[in-house]
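Written below as structure tokens is the structure these notes are about.
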Amino acid sequence: MMIDVAVLLGSKSDRDIAEKTIGVFDKFDIDYTIEVASAHRTPARVIEIINNAHESGVKVFIAIAGLAAHLPGVVASHTTRPVIGVPVKAALDGMDALLSIAQMPGGIPVACVGIGRGENAAILAAQIIATGDKELGDKLAGHRMELAEQSLQDSQTLF
């Protein structure tokens with residue numbers, strides 16, 4: 001089976017953030033897989049998931065992690081496919097995780113979205129995939145129009 005996005009959670013406690021990605025993937029008919037694997041507790045499993053994802057044709061990885069937040073960087077060190085990191089607010093208001101993900105060494109980039117913003121990671125993954133998929137690009141354009149319409153409605157109903 002071909003999958004577009006592989007989502008890795010550092011722990012089961014990251015489930016709420018992963019659910020935000022699922023909603024986006026379902027809306028845009030993006031095939032995905034979700035696994036729990038710790039960069040520290042199960043490093044061999046992380047590599048196995050990455051290798052299996054490569055065999056399944058994965059286009060983008062999303063890694064959700066808090067605290068030291070090494071999972072996105074570990075994933076990036078084992079693939080040349082885009083990796084999007086989602087920092088989790090587990091300590092220090094999530095700033096520790098944000099900086100761990102954003103401050104990758106030269107040559108091993110990880111894209112980083114805001115703390116807890118699983119939906120933005122999924123949208124970014126969709127945008128990456130859409131560079132080679134016009135139908136998905138059209139769906140994303142429609143989504144942007146929906147956001148604009150909602151903003152106008154919010155303005156009209158503010159008071």
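Electrostatic pairing of K134 and D138 counts as a salt bridge here, judged by a charged N lying under 4.0 Å from a carboxylate O. Ion pairing between a basic and an acidic side chain is recognised when a charged N comes within 4.0 Å of a carboxylate O; E146 and K27 show such pairing.
Transitive grouping of hydrophobic side chains (ILVMFWY, heavy atoms separated by less than 4.5 Å) keeps V75 and I47 in distinct clusters. Hydrophobic clustering of Ile, Leu, Val, Met, Phe, Trp and Tyr side chains at less than 4.5 Å, counting indirect connections, unites V88 with V36. Hydrophobic clustering, with ILVMFWY side chains joined whenever heavy atoms are under 4.5 angstrom apart, keeps V110 apart from L67. One hydrophobic cluster, built from ILVMFWY side chains closer than 4.5 Å, cannot hold both V83 and L124; they sit in different ones. Linking ILVMFWY residues whenever their side-chain heavy atoms come closer than 4.5 Å, directly or via other members, places L8 and I3 in the same cluster.
Separating the CD1 atom in I62 from the CG atom in L71 is a distance of 12.0 Å, to the nearest 0.5 Å. The line from CE of M95 to CD1 of I115 is 5.5 Å long, rounded to the nearest 0.5 Å. Here S56 contributes atom OG and N52 contributes atom CG; the two are 6.5 Å apart, rounded to the nearest 0.5 Å. Taking OG1 from T21 and CD1 from I30, the interatomic distance works out to 10.0 Å, rounded to the nearest 0.5 Å. With rounding to the nearest 0.5 angstrom, the CG atom of L158 is 13.5 Å from the CD atom of Q153. To the nearest 0.5 Å, atoms CG (L140) and CD1 (I129) are separated by 9.5 Å.
Between G116 and K20, the closest heavy-atom pair is O-NZ, 2.8 Å. Closest of all the heavy-atom pairs between V86 and A121 is CG2-CB, 3.5 Å. Closest of all the heavy-atom pairs between A126 and L136 is O-CD2, 3.4 Å. The shortest heavy-atom contact between A65 and A97 is O-CB, 3.7 Å. In terms of heavy-atom proximity, A6 sits nearest to A53 at CB-CB, 4.0 Å. Across L98 and C112, no two heavy atoms sit closer than the pair CD1-SG, 3.7 Å.
Not counting sequence neighbours, D31 has no partner by the side-chain hydrogen bond (donor to acceptor under 3.5 Å, both in side chains) test. In terms of the side-chain hydrogen bond (donor to acceptor under 3.5 Å, both in side chains) criterion, residue partners of E19 (sequence neighbours excluded) are, by chain and number, R15. In this structure, T33 has no side-chain hydrogen bond (donor to acceptor under 3.5 Å, both in side chains) partners at least two apart in sequence or on a different chain. Partners of S13 according to the side chain to side chain contact (heavy atoms under 4.5 Å, CB included) rule, which considers only residues two or more places apart in sequence or in another chain, are S11. Partners of H78 under the ring pair (Phe, Tyr, Trp, His ring centres under 6.0 Å) rule, at least two apart in sequence or in another chain, do not exist in this structure. Qualifying side-chain hydrogen bond (donor to acceptor under 3.5 Å, both in side chains) partners for Q150, counting only residues two or more places apart in sequence or in other chains: D154.
In this structure, the side chain of S77 engages the main chain of V74 through a donor-acceptor pair within 3.5 Å.
Applying the ring pair (Phe, Tyr, Trp, His ring centres under 6.0 Å) test to pairs two or more places apart or on separate chains, none has a residue in residues 98-131. Within the structure, the salt bridge (Lys or Arg N to Asp or Glu O under 4.0 Å) test picks out the following pairs touching residues 109-126 (sequence neighbours left out): R117-E119. Residue pairs satisfying the side chain to side chain donor-acceptor pair (under 3.5 Å) criterion with at least one member in residues 79-107, sequence neighbours excluded, are listed as follows: H54-T79. Within the structure, the ring pair (Phe, Tyr, Trp, His ring centres under 6.0 Å) test picks out the following pairs touching residues 98-149 (sequence neighbours left out): F28-H143. Residue pairs meeting the ring pair (Phe, Tyr, Trp, His ring centres under 6.0 Å) criterion with at least one partner in residues 3-26, sequence neighbours excluded, are F25-Y32. Sorted by first then second residue, the ring pair (Phe, Tyr, Trp, His ring centres under 6.0 Å) pairs that include residues 99-123, not counting sequence neighbours, number zero.
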request  = Just do the side-chain contact (heavy atoms from CB on, under 4.5 Å) check on I84 and I128 with the steps written out, would you?
outcome  = CA-CA 11 Å; I84 303 166; I128 292 167; 4.3 Å; yes
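In this structure, F61 and V5 have side chains that are not in contact, with every pair of non-hydrogen atoms separated by 4.5 Å or more.
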